[in-house]
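Worksheet: the structure to be examined is printed underneath.
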Amino acid sequence: MEKKEKLYEGKAKIVYATDEKDKVIVYFKDEATAFNAQKKDVIEGKGILNNKISSLFFQLLEKNNIPTHFIKQLSDREMLTYHVKIIPIEVVVRNIATGSIVKRLGISEKTEFNPPLIEFYLKNDALGDPIICYEHIIALNLTTDEDIKIIKDLALRVNKVLREFVEKANIILVDFKLEFGKKEDGTIVVADEISPDTCRFWDKETGERMDKDRFRLNLGDLTKYYEEVLKRIEK
Ligand code: UDP
C-alpha cells in the first residue's frame, strides 16, 4: 500500500490517497477544536489515542455486522479505510441529555432518553453545523428517504453495540456523533471516527468525564482520560 497525495485536511484528521482508488489513509492529528473551532489547541498524543480507540470501535461494529469504512489500522496515527463519499449530515444519538440540547431545549441535565434520541445536523463549518430535521434533508437533497431509514437504523444499532460494550468497561455512553459515507457500490457505511472526541463517556462509578469535554470545559488531563478509555476497552 503506497501513500499518495493529500486529498483533504480537516480539523483533526488528514486523508491521503493510496495507489488503490477505492482506499484512503486517514491520519489522526493532535489538534483539538471546540465551539465551532473558536477554541483551539494541540494536545500531544491525542491523535494516536483516537486512532487506536476508533480502530477498536470500528472492529467491534464490524464484528456485529455493522458496515464501516474501516479496513485496518496501519500505524500509530494511521488507518486504512474505504474511500467513501461522505453524506453531509452529522447524526447525533443521545442516551442522556447534556451539552447543546440542554441549552437549546431547556431540559434538565442528565434527562434520560428512552428510546435514544436521534438528531441531524448539517455538516457545514461555515454555518456552525446547524440542527436540521428530516424535511430539511429531503428539501435540501442531502440524501434520500430510503438512505435516512438506513442511517437511522444503523445509528441505533451502533448505539446499542457501543453502549453495551463500554458499559462492561464501567463507562456510560452519554451521546455521540456519527458520519456516514457511501461506498462505490452504494452501500452506506459508518465513516469518520468514533473516539472520545466524538462520544461523551462518563465513568460509571465517579461520573468523571472521559472525553473531549475535558478540553471544552478546561478540565485538563485529556490524554490521561483517553488513555484510561483505551485501557478499559482493550481488555
Ligand atoms: N459532536 C461531535 N462533533 C460535532 C458536534 C458534536 O463529535 O461537531 C459530538 C459531541 O462530542 C457529543 C455529541 O456529538 O458527544 C453531542 O454533542 P452536542 O450536540 O451536545 O454538542 P456540544 O455540546 O459539543 O456543542
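One-based numbering, in listed order, for ligands and for the atoms of each. Nothing here was measured: the structure is a model prediction, and the numbers come from that model.
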Using atom types as modelled and distance alone, determine if a side-chain donor or acceptor of Arg232 lies under 3.5 Å from a backbone N or O of Ala169.
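Side chain of Arg232 to backbone of Ala169: a pair is present.
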Give a yes or no on whether the backbone of Asn51 and the side-chain of Arg77 come within a donor-acceptor separation of less than 3.5 Å.
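No: the side chain of Arg77 does not pair with the backbone of Asn51.
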Is the shortest side-chain N to carboxylate O distance from Lys231 to Glu228 below 4.0 Å?
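A salt bridge links Lys231 with Glu228.
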Just verifying a value: how many Å separate Thr18 OG1 and Met1 CE, rounded to the nearest 0.5 Å?
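One gets 4.5 Å once the value is rounded to the nearest 0.5 Å.
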Hey, which residues fall under 4.0 Å of ligand 1 on heavy atoms?
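Heavy-atom contacts below 4.0 Å: Glu90, Val92, Arg94, Thr98, Gly99, Ser100, Tyr121, Asp129, Asp175, Phe176, Lys177, Asp197, Thr198, Cys199, Arg200, Arg216.
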Is the charged tip of Lys39 near the ring of Phe215: under 6.0 Å from the six-membered ring centre and within 45° of its axis?
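Checked: cation-pi criterion met.
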Around Lys152, counting heavy atoms of other residues, nucleotides and ligands shown, do more than 12 lie under 6.0 Å from its NZ?
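Incorrect, the count does not exceed 12.
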